[in-house]
Amino acid sequence: MNLRALPANAYCIASVSSSASSSITMTTINGRGSGLLSVGGASSFTLPATTRVRVASWPPEEWAPKMIVFDKDGTLGECTQALKIWCNRMTEKILYKCLAMNLSREKANFIVSSFYSVIGWSVEKDDVVPSAPLSANSWADILDVTAECLAELGLRVSIDEVACWHESLGDIHVQDPPLINNLAHFLTDLKSQGILISICTSDDRSSTTACMRNWQIEHLVDYCICGDEVERSKPSRQPLLNLCRQAGVMPHECLVVGDTSSDMGMGLNGGAGLVVGVLTGSGTKQQLLDTGAHVVLPNIGHLKDLLRCLPPREVAPSSTTVVSVESDASIDDMRNEEETAASLLVSMKSKDHSLPLKAGKEQTGDNDDDVSVLS
Ligand SMILES: O=C(O)COP(=O)(O)O
């Protein structure tokens, strides 16, 4: 199959032609052009009718992912209920503190609604605001903004106390159910196509390990990095580059999939080959497209359809070609650098991909200076 070059910057809706046809007609929705996505000979190919494609960034011919980088909450697992419980329990703690300080009911309500506003909780919708910190940021960030907001409003509470409240709730995502049926089978199928599986989450390691165990996918995840294992979490490219270094692949060989603008941002900032948004979590379709998604799908199950229009990968041999990243700037240098897609200079070397899953910190124990970026 091959993909024809399409006009730059055109956002398209793919309308699926009859199953006997080998092409999908692309119709622009923003008036910036139109084109054709040719799927030669794939007569049974179907792409979800709602699929949107940002044509300008569609991967070039012969592109296929070496690694899929999955976000966890809202992409692999249903997290809304857990976040709602977290919000309610934290609200109780805040109100108790207000009571202890003899604050008026009005003042207490104001403090709670300010807390909702900084973490991104909508009382009207009884849900997280699309891609708000609560659904997209690391717990460290969420606790920081919470403590800061409460202190600014005169509540005598330290970051340590807020962290204590949070810790007393346990790992809130532990009971999250998977978002598709038979997640393990789905990942096994991807691995049989020679694709490495990784998870990049802003959630903590303990909760992530528990989720993987509950979903019985621990043995299927090649690499995993969590919010408490990186200095900068999504939308920084740091977690993606870190995963790439562990796996020995280049960012442009990765397909990044997630449900929030932070996930899309990491894909875009890190120079991922394909950035896919899914509508099973917090982000809206438009928001995901606006923040870097090349394609938005209803859920990760549709990735199978998407991959069918890319060239098949050969199943990875036990010893396969990977990369080490070299450059003249370290991750540290990136802190002050504008988050734009970087050019990575890579040198190829041999590395075994059949390594067991390791925690991000352990795997990245080597100096961050190993990962380098050419600006
Ligand atoms: O736990 C969070 O706040 C976000 O987690 P995610 O990166 O897996 O969506």
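Numbering starts at 1 and runs along the sequence shown. Read the numbers this way: they start at 1 and go in the same order the structure lists the ligands and their atoms.
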Counting heavy atoms not belonging to Asn181, are there more than 12 under 6.0 Å from its CG?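 12 or below, so no.
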Are more than 12 heavy atoms, taken from residues, nucleotides or ligands other than Glu161, located less than 6.0 Å from that residue's CD atom? yes
Using 30° and 60° as the class limits, which term best fits the ring planes of His166 and Trp86: parallel, tilted or perpendicular?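 His166 vs Trp86 ring planes: perpendicular.
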For the pair Phe70 and Phe186, name the ring-plane relationship: parallel under 30°, tilted 30 to 60°, perpendicular over 60°. perpendicular
Just by distance, no angles: are the side chains of Asp171 and Ser206 close enough, under 3.5 Å, to form a donor-acceptor pair?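 A donor-acceptor contact under 3.5 Å links the two side chains.
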Of the options Asp176, Asp203, Asp259, which is the one that meets Lys72 in a side chain to side chain donor-acceptor pair (under 3.5 Å)? Asp203
Distance filter under 4.0 Å, heavy atoms only, around ligand 1 gives Asp71, Lys72, Asp73, Leu134, Ser135, Asn137, His173, Thr201, Ser202, Asp203, Lys234
